[in-house]
Amino acid sequence: MTQPLLKLEGVTAFYGKIQALRGVDLDVMRGEIVTLIGANGAGKSTLMMTICGSPHARDGRITYDGHDITQLPTHQIMHMGLAQSPEGRRIFGRMSVHENLLMGAQVVGMKNYEQTRELVFTLFPRLKERLAQRGGTLSGGEQQMLAIARALMSQPRLLLLDEPSLGLAPLVVRQIFGAIRQLNRETGLTVLLVEQNAYQALRLAHRGYVLVNGAITMAGPGAELLARPEIRAAYLEGAH
């Protein structure tokens, strides 16, 4: 049986005395887009941060490509072929688009830099037009494109995307999700997507998980979850 690229088994995590994750089990197979949906405060971003080692899991096990990464420091995990585009974008506002992309490439140095940058420009042509512009002066949609592009510059095998559609206009959301789909289809990149826009996320994903109060309550193919009345009632009514 094929081993998952990423596997969480019984993962718990805390912020101080507050338990944010409660025995989470989750698999991401190579070449999949897997989405995690849930309400505000469900623990979605905490799960992403826990995978990256900040905070570390209190209990349970996280394996990536067969290696136990549960207690590894964040920088070591990032050098193993994971990249994160975090919630809130967190680009370097005073740096140009070009400098932001260079920062993303630091994990792998200049190896295949030009090739990777051309891939990024194919996905997000607007960034090529804004190359010398400071990141902080870009529109919200352009900043989100830059955040994803910066993560891609490290040439990851697993891309963690945290709320890429947050605060963006519907047209820009479609562009962002279209780029993720194209990236997955054409390069085989594996994607774990955390997203409040459950409709777009489940349409995009091969499989999905529902997180409620730090625990997985439902899992299945994206199209199947999209069709379930309880999912539609909780996350989709009026969303699209």
Point-to-point distance, once rounded to the nearest 0.5 Å, from CE of Met80 to CD1 of Ile69: 6.5 Å
Sequence neighbours excluded, every pair satisfying salt bridge (charged side-chain N to carboxylate O under 4.0 Å, His left out) that has a member inside residues 74-83: none
Same cluster (ILVMFWY, side-chain, under 4.5 Å), Ile216 and Met48: yes
All salt bridge (Lys or Arg N to Asp or Glu O under 4.0 Å) counterparts of Glu9, not counting sequence neighbours: Arg61
Shortest non-hydrogen contact from Val97 toward Leu138: CG2-CD1, 3.9 Å
Steps toward side chain to side chain contact (heavy atoms under 4.5 Å, CB included) verdict (Ile176, Gln200): CA-CA 10 Å; Ile176 296 285; Gln200 292 285 359; over 6 Å; no
Closest approach of Ala13 to Thr50 (non-hydrogen atoms, all atoms of both residues): CB-OG1, 3.7 Å
Minimum side-chain heavy-atom gap Glu195-Pro164 below 4.5 Å: yes
Reported CZ-to-CD distance for the pair Arg126 and Gln175, which is rounded to 0.5 angstrom: 5.0 Å
Residues that Ser45 engages under side chain to side chain contact (heavy atoms under 4.5 Å, CB included), provided they are two or more places apart: Glu87, Asp162
Thr70 vs His56, side chain to side chain contact (heavy atoms under 4.5 Å, CB included): CA-CA, chis, key distance, verdict: CA-CA 7 Å; Thr70 316; His56 285 306; over 6 Å; no
Side-chain donor/acceptor of Glu99 to backbone N/O of Ser96, under 3.5 Å: yes
Leu8 and Leu21, any side-chain heavy atoms less than 4.5 Å apart: no
Partners passing side chain to side chain donor-acceptor pair (under 3.5 Å) against Arg134 (at least two apart in sequence or in another chain): none
Thr35 side chain vs Leu193 backbone, donor-acceptor pair below 3.5 Å: yes
Shortest non-hydrogen contact between Asp68 and Ile62, atoms and distance: OD1-O, 3.4 Å
Side-chain heavy atoms of Gln3 within contact of Thr63, under 4.5 Å: no
Rounded distance (nearest 0.5 Å) linking atom CZ of Phe124 with atom CG of Leu119: 9.5 Å
Minimum side-chain heavy-atom gap Asp27-Tyr209 below 4.5 Å: yes
Thr190 side chain near Leu158 side chain, heavy-atom distance below 4.5 Å: yes
Donor-acceptor pair, side chain of Gln196 and main chain of Glu163, under 3.5 angstrom: no
Counterpart residues, side chain to side chain contact (heavy atoms under 4.5 Å, CB included), relative to Ala83 (two or more places apart): Ala151, Ser154, Pro156, Leu159
Residue list, side chain to side chain donor-acceptor pair (under 3.5 Å) with Arg130, at least two apart or on another chain: Glu142
Salt bridge (charged side-chain N to carboxylate O under 4.0 Å, His left out) pairs, two or more places apart, involving residues 201-224: Glu32-Arg207
Inter-residue atom distance Asn100.CG - Arg150.CZ, 0.5 Å rounding: 6.0 Å
Side chain Asp25, main chain Gly10, donor-acceptor under 3.5 Å: yes
Nearest heavy-atom neighbours spanning Ser165 and Asn197: OG-CB, 3.7 Å
All side chain to side chain donor-acceptor pair (under 3.5 Å) counterparts of Asp59, not counting sequence neighbours: Thr12
Non-hydrogen atoms of Leu123 and Leu152 that approach each other most closely: CD1-CD1, 3.9 Å
Expected output: side-chain Tyr64 to main-chain Gly81 donor-acceptor under 3.5 Å: yes
Residue pairs involving residues 183-194 (criterion salt bridge (charged side-chain N to carboxylate O under 4.0 Å, His left out); sequence neighbours excluded): none
Side-chain (His98) to main-chain (Ala132) donor-acceptor, under 3.5 angstrom: no
Same apolar cluster (I L V M F W Y, side chains within < 4.5 Å links), Val34/Tyr235: no
Side chain to side chain contact (heavy atoms under 4.5 Å, CB included) between Thr122 and Gln182, intermediate numbers included: CA-CA 10 Å; Thr122 300; Gln182 181 182 346; 4.1 Å; yes
By salt bridge (Lys or Arg N to Asp or Glu O under 4.0 Å) - contacts of Arg30 (at least two apart): Asp65
Hydrophobic cluster identity match, Met153 and Leu160, side-chain contacts under 4.5 Å: no
Polar side-chain atom of Gln106 near backbone of Leu102 as donor-acceptor pair, under 3.5 Å: yes
Leu5 with Leu47, same ILVMFWY side-chain cluster at under 4.5 Å: yes
Partners meeting side chain to side chain donor-acceptor pair (under 3.5 Å) with Arg228 (sequence neighbours left out): Glu230
From CG (Leu202) to CG (Leu225), nearest 0.5 Å: 5.5 Å
N/O donor-acceptor pair under 3.5 Å between Gln71 side chain and Ala57 backbone: yes
hydrophobic_cluster_shared for Leu189 and Leu101, side chain cutoff 4.5 Å: yes
Close side-chain approach of Gln84 and Ile51, heavy atoms under 4.5 Å: no
Under 3.5 Å donor-acceptor, Lys44 side chain and Gly38 backbone: yes
From CD (Gln144) to CG (Leu161), nearest 0.5 Å: 7.5 Å
Shortest non-hydrogen contact from Leu211 toward Gly43: CD2-C, 3.4 Å
Side chain to side chain contact (heavy atoms under 4.5 Å, CB included) involving Pro170 - partner list, sequence neighbours excluded: Arg174
Close side-chain approach of Pro55 to Tyr15, heavy-atom, < 4.5 Å: yes
